[in-house]
Amino acid sequence: MPRIKTIGILTSGGDAPGMNAAIRAVTRAGIFNGFSIKGIFRGFEGLVSNEMKPFTTENVSGIIGQGGTILKTARSKSFLTVEGRQKAYENLVKESIDALVVIGGNGSLTGAMKFGEEFDFCCIGLPGTIDNDLYGTDNTIGYDTTMNTIMECVDRIRDTAQSHERIFFVEVMGRDAGFLAQNSAIASGAEAAIIPEDSTDVDQLARFMERGIRKSKKSCIVIVSESKKCGAMYYAERVRKEFPDYDVRVSILGHLQRGGRPSARDRILASCTGVGAIEAIMQGQRNIMVGVRNNEVVYVPLSEAIRPDKPIDKKLIQVLDELSI
Ligand code: F6P
């Protein structure tokens, strides 16, 4: 295997608070250990169109506390094609980049794995997504900040819900994963969470209404994971039909959940996994994601990290149920 001298770094998919801290960590740890670093702009799109520039420590100074990503991001369509990936490979060779650090979620790490396999290229993933849906790491970069943002929003919604004695359905992000909904519901004292992981055998709304929530409380908040078919609007409509005397409102938090200054936890996670990425390269690792499990930096094969069924701890469902009476 040829010695790695230059490392390319990119952010891809939905931006997440803490991505800048990860860019900073990879750049600084890389330079500290004698590598050259190149920043690649607009995710895989910038690989295909050759938008790259050398990064020094100055390029990443003062960014640890900024949300978003200074490298920009994209959900690249061209990288999904064989021709696009071939072009990306040629650009990497042209720029003398020997290894790639990809900061992103499930789709981005799937792209990195495919590329690594196709071109026998060293790809290292960092878990950068608010969704927390990557296997093999306890948390993903951005998840903690977003959960805190949701909690603050729900605290505010509760003020108006209580004043008007209303039922609020609050829709949160998470794509096909309920981590944000379940844990922000616990953190904000919501009465229920409706999550994709719990929807196979029971009607979650019926279960919640059967508990007679309005007998003991005049207002309540239900956090709903976003979903194409049955998001907060769907559940609100059902309650309006089935319980016409209830005063129901919907609040879809949307993209405000992705912005803002990263929490200390996300900055630390990004910093540790960024340093871990450089260590992985020095050890000759490839096609792995750097995660943190039980406070230890771990290397997880990309094929495992992208498994679609990271489970929600069933105890968390019980905790919410017991505390919402
Ligand atoms: O993957 C992160 C995420 O914020 C998901 O929770 C959400 O479903 C999706 O991105 C939204 O993507 P976009 O910003 O492209 O609409």
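One-based numbering, in listed order, for ligands and for the atoms of each.
In terms of protein heavy-atom proximity, atom 15 (O) of ligand 1 is nearest to Arg75 NE, 3.0 Å. When hydrogens are left out, the protein atom nearest atom 7 (C) of ligand 1 is Glu226 OE2, 3.2 Å; that is the closest non-hydrogen contact.
With contacts defined as side-chain heavy-atom distances shorter than 4.5 Å, the pair Val298/Thr137 does not qualify.
For Arg249, the CZ atom counts as densely surrounded, since its 6.0 Å shell holds more than 12 non-hydrogen atoms of other residues, nucleotides or ligands. The neighbour count for Met233 CE, taken as heavy atoms of other residues, nucleotides or ligands under 6.0 Å away, does not exceed 12. Atom CG of Asn295 sits in a sparse spot, with 12 or fewer heavy atoms from other residues, nucleotides or ligands closer than 6.0 Å. The number of heavy atoms from other shown groups lying within 6.0 Å of CG (Asn148) is above 12.
Both Leu10 and Ile306 are members of a single hydrophobic cluster when ILVMFWY side chains are connected at heavy-atom separations under 4.5 Å.
Checking only distances, Gly174 does come within under 3.5 Å of ligand 1, N or O to N or O.
Shown in contact with Arg258 at under 4.0 Å from a heavy atom are these atoms of ligand 1, numbered in order with element: 3 (C), 4 (O), 9 (C), 10 (O), 11 (C), 12 (O), 13 (P), 14 (O). Taking every non-hydrogen atom of His255 and a distance limit under 4.0 Å, the qualifying atoms of ligand 1 come out as 13 (P), 14 (O), 16 (O). Each of the following atoms of ligand 1 lies closer than 4.0 Å to a heavy atom of Arg175: 1 (O), 6 (O), 8 (O), 9 (C), 10 (O). Residue contact check: Ile130 has heavy atoms under 4.0 Å from atoms 4 (O) of ligand 1.
Closest to atom 1 (O) of ligand 1 by heavy atom, among Thr140, Asp176, Asp131, is Asp131.
Remark: the Gln283 side chain and the Glu279 side chain contain no N/O donor-acceptor pair separated by less than 3.5 Å.
Under a 4.0 angstrom heavy-atom cut-off, Gln257 registers as lying outside contact with ligand 1. Not close to ligand 1: Gly13, with no non-hydrogen atom less than 4.0 angstrom away.
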